[in-house]
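All remarks here apply to the structure that follows.
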Amino acid sequence: MDRLMSESDPPIARHMQDPPPGKPVEEEEVVYFEGRPVLRAEQAKAAMFLIIGLILLALPILAEAFDWTRWDHRWMTPVAILLAIIAVLAPWLIVRTTRYRITNYRIDYERGVLKKRIDTMELWHVDDISFEQGFVDRLMNVGSIKILSDDRTTPRLDLDGLPNPRAIFDQLRQRVITVKRHRGVIKMDMG
C-alpha cells in the first residue's frame, strides 16, 4: 500500500541528498592506468644486460681455454656465473618491481627491489607534460610520458614503458588542465 510521508518519518539519508548550492560535487577517483611498465619497451637495456651476462658466463670458459694462471676456479667461476644470472635477470626484476597508478587526481610511482619507495604527484602540481615514442616503440605500442612539476619531492617523473601511451597521455593532459581550473591554480611568469 502506498502512503504519504509524514513529518514523523525519518529524514532522507544525507548521502542521498544533493550537495548544498555553491559546493562543488566531488568526483570519484577514476583510474586511467594501473600496472607495470612492459619489458618490450626496455629492449636496448635488456639486450645490453644480456650481452654483459654472456660475457660473464664466457669468462670461466676463456680462463680454462687460455690457461689464465690468475683465474682461481674455486671462487671466481661461481662469482662470474652468479653475476651473469643477476645481469640477465636485472631488466626483468626492475620492471617487475615498478608500478604506476595514474588516476584523474594523482600519479603514484612505486619502485624498489630491496627497499620499496612510493612517490605521489598530485595533478595540480604538474607544470609540463610531454610524450615520447620512438619508431620501435610505435611498432610495439609502448612509450614514455615525461612530467615536470613544482612538487618538491618529485620535480620530474618519467613514466617509461607504458602500453598504449597516447591514450593515457591525452587523458592525463586534459585532466591536468581540468584539475588546475577546478582548484583555481594560476601560473604566473615572473620572468
Side-chain angles (χ1 to χ4, degrees), residues 26-57 59 78-180 182-183 185 187:
E26 289 294 321
E27 294 181 44
E28 284 188 36
E29 194 166 28
V30 177
V31 177
Y32 298 143
F33 176 78
E34 184 169 11
R36 297 179 176 93
V38 290
L39 186 57
R40 68 179 183 253
E42 302 292 329
Q43 296 171 39
K45 285 182 191 172
M48 181 186 67
F49 278 99
L50 180 63
I51 291 169
I52 290 170
L54 291 174
I55 290 170
L56 288 168
L57 279 177
L59 283 177
V79 168
I81 292 171
L82 180 64
L83 290 176
I85 292 169
I86 291 171
V88 170
L89 293 179
W92 177 82
L93 190 61
I94 291 168
V95 166
R96 295 293 298 170
T97 58
T98 302
R99 286 189 70 76
Y100 305 132
R101 185 170 190 270
I102 303 169
T103 73
N104 57 341
Y105 285 109
R106 69 190 51 84
I107 300 169
D108 295 327
Y109 174 50
E110 179 181 334
R111 68 215 175 273
V113 177
L114 300 176
K115 177 182 171 184
K116 285 286 184 194
R117 179 176 172 156
I118 301 174
D119 285 325
T120 298
M121 179 185 292
E122 302 291 332
L123 292 185
W124 66 274
H125 281 289
V126 173
D127 288 333
D128 191 28
I129 182 171
S130 64
F131 174 75
E132 287 182 14
Q133 190 178 39
F135 177 71
V136 176
D137 291 339
R138 284 196 307 265
L139 294 175
M140 301 283 192
N141 195 24
V142 294
S144 299
I145 297 174
K146 311 291 182 195
I147 300 168
L148 297 175
S149 73
D150 63 2
D151 188 78
R152 280 191 240 154
T153 58
T154 315
R156 180 185 170 112
L157 182 59
D158 295 338
L159 305 172
D160 297 319
L162 291 171
N164 195 17
R166 184 57 194 246
I168 297 169
F169 171 75
D170 290 338
Q171 287 177 317
L172 199 53
R173 182 184 56 188
Q174 189 59 44
R175 189 59 192 169
V176 166
I177 293 167
T178 303
V179 167
K180 284 187 170 212
H182 181 72
R183 289 188 60 105
V185 175
K187 176 117 174 155

Side chains of D160 and Y100: does their closest heavy-atom pair fall under 4.5 Å? yes
Is the shortest heavy-atom distance from the side chain of Y109 to the side chain of T154 under 4.5 Å? no
Heavy atoms, side chains only, cut-off 4.5 Å: are S144 and D158 in contact? no
For R36 and V95, which heavy atoms make the closest approach, and how far apart are they? CD-O, 3.6 Å
To the nearest 0.5 Å, atom CG of D127 lies from atom CG of D150 at 5.0 Å
With a 4.5 Å cut-off on side-chain heavy atoms, are I85 and L89 touching? yes
Rounded distance [0.5 Å steps], CE in M121 versus CG in L148: 8.5 Å
What residue among V176, I147, I129 forms side chain to side chain contact (heavy atoms under 4.5 Å, CB included) with L123? V176
I'd like to check K116 versus T97 (side-chain heavy atoms, cut-off strictly below 4.5 Å). Are they in contact? yes
Evaluate the side-chain proximity of L59 to L56: yes if any heavy-atom separation is below 4.5 Å, no if none is. yes
Cation over ring face, R175 and Y105, 6.0 Å, 45°: yes
So, taking the atom named CZ in F33 and the one named CG in N164, what distance separates them when rounded to the nearest 0.5 Å? 9.5 Å
To check you understand the geometry: which heavy-atom pair defines the closest contact between A84 and G53, and what is its length? CB-O, 3.2 Å
Report the distance from atom CG of L93 to atom OG1 of T98, rounding to the nearest 0.5 Å. 9.0 Å
Which heavy-atom pair separates S130 from F169 by the least distance, and what is that distance? C-CE1, 3.8 Å
When rounded to the nearest 0.5 angstrom, what distance separates CD in Q171 from OG1 in T178? 11.5 Å
Residues E29, R106: salt bridge by 4.0 Å N-O rule: yes
Show the nearest heavy-atom pair for residues G143 and P165, with the distance to one decimal. N-CG, 3.4 Å
Kindly indicate, with the supporting measurements, whether the criterion side chain to side chain contact (heavy atoms under 4.5 Å, CB included) is fulfilled by V142 and L162. CA-CA 5 Å; V142 294; L162 291 171; over 6 Å; no
With no hydrogens and no angle check, is any side-chain donor or acceptor of D108 less than 3.5 Å from a backbone partner on R99? no
Residues K45 and P91: closest non-hydrogen pair is O-CG, 4.3 Å
Salt bridge flag under 4.0 Å for residues D128 and R156: no
Partner of I107 by side chain to side chain contact (heavy atoms under 4.5 Å, CB included), out of I102, T120, D119: I102
Measuring only between side-chain heavy atoms, which start at C-beta, is R183 closer than 4.5 Å to E122? no
Which pair of heavy atoms, one from F49 and one from A87, lies closest together, and at what distance? CB-O, 3.1 Å
